[in-house]
S.K.: 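Once you've had a glance at the structure underneath, I'll fire off some questions.
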Amino acid sequence: MRVDTLDDLDALGDWTRAGGRGTILLDCRISPSVVAPYQREVQRFNGLDV
C-alpha cells in the first residue's frame, strides 16, 4: 500500500478493522521538507543549524 499522506493510512485502519491477516507492506514516502519536531530537536542538539 502506497502512503503519500497521513490520510492514506486510513486504508490501514480499514484493513485492520476488517480482520486483515498476514502481512501488509507499506510503501511510505518521505519528504525532505517535512521534519518531525523531535527530529529538529535532535538536529539542534547535534549542532546543526535548522
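Atom set for the values below is all heavy atoms of this structure, side chains included, hydrogens, waters and symmetry mates excluded. Note that the coordinates shown come from a computational prediction; the quantities given were computed from them, not determined experimentally.
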S.K.: Mind checking what makes side-chain contact (heavy atoms from CB on, under 4.5 Å) contact with Asp4, not counting sequence neighbours?
M.R.: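 Per chain and number, Asp4 pairs via side-chain contact (heavy atoms from CB on, under 4.5 Å) with Arg2, Asp8, Arg29.
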S.K.: Other residues, nucleotides and ligands only: do more than 12 of their heavy atoms fall within 6.0 Å of CD on Gln39?
M.R.: yes
S.K.: My understanding is that only residues two or more places apart in sequence, or in another chain, count here; which of them pass salt bridge (charged side-chain N to carboxylate O under 4.0 Å, His left out) with Asp10?
M.R.: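 So Asp10 forms no salt bridge (charged side-chain N to carboxylate O under 4.0 Å, His left out) with any residue.
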S.K.: Going by side-chain heavy atoms closer than 4.5 Å, which hydrophobic residues are tied to Val3, directly or by a chain of links?
M.R.: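 Besides Val3, the cluster holds Met1, Leu6, Leu9, Leu12, Trp15, Ile24, Leu26.
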